[in-house]
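Numbers here simply count residues along the sequence, with the first being 1. Whatever order the structure lists them in is the order used to number ligands and atoms, beginning at 1.
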Amino acid sequence: MKILVLGGAGYIGSHTVSELVDAGEEVVIVDNLETGHIEAVNPKAKFYQGDIRNREFVDSVFDNETIDAVIHFAANSLVGESMTNPLKYYDNNLYGTKVLLESMVAHGVDKIVFSSTAATYGEPESIPILETDKTEPTNPYGETKLSMEKMMKWTGVAHGLRYVALRYFNACGAHKSGEIGEAHSPETHLIPLILQVPNGQREAISIFGDDYDTKDGTCVRDYIHVTDLAQAHILAVKYLAEGKESNVFNLGNGVGFTVKEVIETARKVTGHPIPAVVSPRRGGDPAKLIASSEKAKNMLGWKPEHADLEEIIASAWNWHKNHPNGYAK
Ligand code: UDP
């Protein structure tokens with residue numbers, strides 16, 4: 001199959017491209033390199049630099065390549081930024097997807113797998129979270145991702161396109177080669193920020209609130225290895241290629257860890273004391289997010305292979321200690 005990966009130079013995109021290439025698939029990458037990295041572009045894939053909001057550009061890619069399926073990662077994904085600059089999210093995430101879908105329909109490309117998020121649920125009504133639970137996002141990031149899901153649904157009704165939305169929980173870890181990994185600027189995610197301490201780039205890690213209703217008062221999250229996420233995209237493409245109907249799947253390990261437990265595990269992995277300082281809560285953080293991924297396991301045959309938190313953090317550390325500045329020299 002020839003698969004077009006939009007956002008293939010980003011964190012989850014580059015790991016998915018790597019798994020696709022290893023599985024022998026032909027891969028075409030599109031990325032505007034706004035948050036993606038040229039160094040993360042897999043040399044075995046064909047690369048087009050450009051923006052999905054540019055219809056002419058997107059059309060030219062579909063004109064040049066006979067694409068069987070699309071995997072769409074090209075979006076902005078910072079909750080905090082989406083609160084202060086919501087229209088950026090409506091423009092890139094929603095308008096960008098609208099242009100992409102128009103071009104796909106015009107070119108008869110009818111299968112798309114894309115990154116959705118646990119943020120589509122908002123404050124969960126029960127744990128673990130099921131795909132059928134209510135979706136009431138508490139920020140524009142989650143809102144635009146939920147709207148992307150709905151845009152795909154109605155485009156499907158009108159034009160026969162089929163989609164799989166993958167609602168990720170907390171993506172983390174890095175490729176086993178140590179050659180690609182997480183590199184955001186600014187960094188906002190817990191594990192890379194913790195690892196900046198043993199890397200000598202940060203004095204201490206801040207714990208955003210220790211008065212939540214959880215076992216040690218800090219927030220609980222479901223951490224899922226990026227390579228396991230990547231595998232789910234391959235299974236989702238296969239699912240659509242088998243002619244199955246559009247669907248939504250959670251992707252997590254179904255196990256929650258508190259912020260304090262993550263820090264403690266990082267101390268064990270790195271052998272560094274990693275001082276931690278309790279700070280005020282960060283706005284909009286739900287106390288607990290844990291996925292039920294039974295649906296993805298049953299219907300996609302997905303099986304996370306790197307569920308152990310120590311292994312996840314060790315793989316992240318293997319990347320960050322050798323790339324303290326990400327892809328920058
Ligand atoms: N967090 C923290 N200190 C930090 C960064 C994050 O205590 O410096 C907490 C944050 O409040 C949340 C958890 O770590 O409860 C995971 O945050 P992250 O931003 O990695 O992912 P999110 O769950 O927001 O998608």
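Relative ring orientation between Tyr327 and His323 is described as tilted, the plane-to-plane angle lying within the 30° to 60° band. Using cut-offs of 30° and 60° on the angle between ring planes, the pair Tyr11 and His184 is perpendicular.
In this structure, His233 has its ring center under 6.0 Å from that of Tyr168.
Using a heavy-atom distance under 4.0 Å as the criterion, the protein contacts of ligand 1 are Asn170, Thr188, His189, Leu190, Leu193, Ile205, Ser206, Ile207, Phe208, Cys219, Arg221, Tyr223, Val259, Arg282, Asp285.
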Exercise. Would Tyr163 and Glu149 count as a side chain to side chain donor-acceptor pair (under 3.5 Å) if you check the C-alpha gap in whole Å, the side-chain angles of each, and the deciding distance to 0.1 Å?
Worked result: CA-CA 8 Å; Tyr163 71 92; Glu149 292 187 3; 6.0 Å; no

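For Phe62, the ring-ring contact (aromatic ring centres under 6.0 Å, His included) partners two or more places apart in sequence, or in a different chain, are His107.
Between the side chains of Thr227 and His306, no donor-acceptor pair is found at a separation under 3.5 Å.
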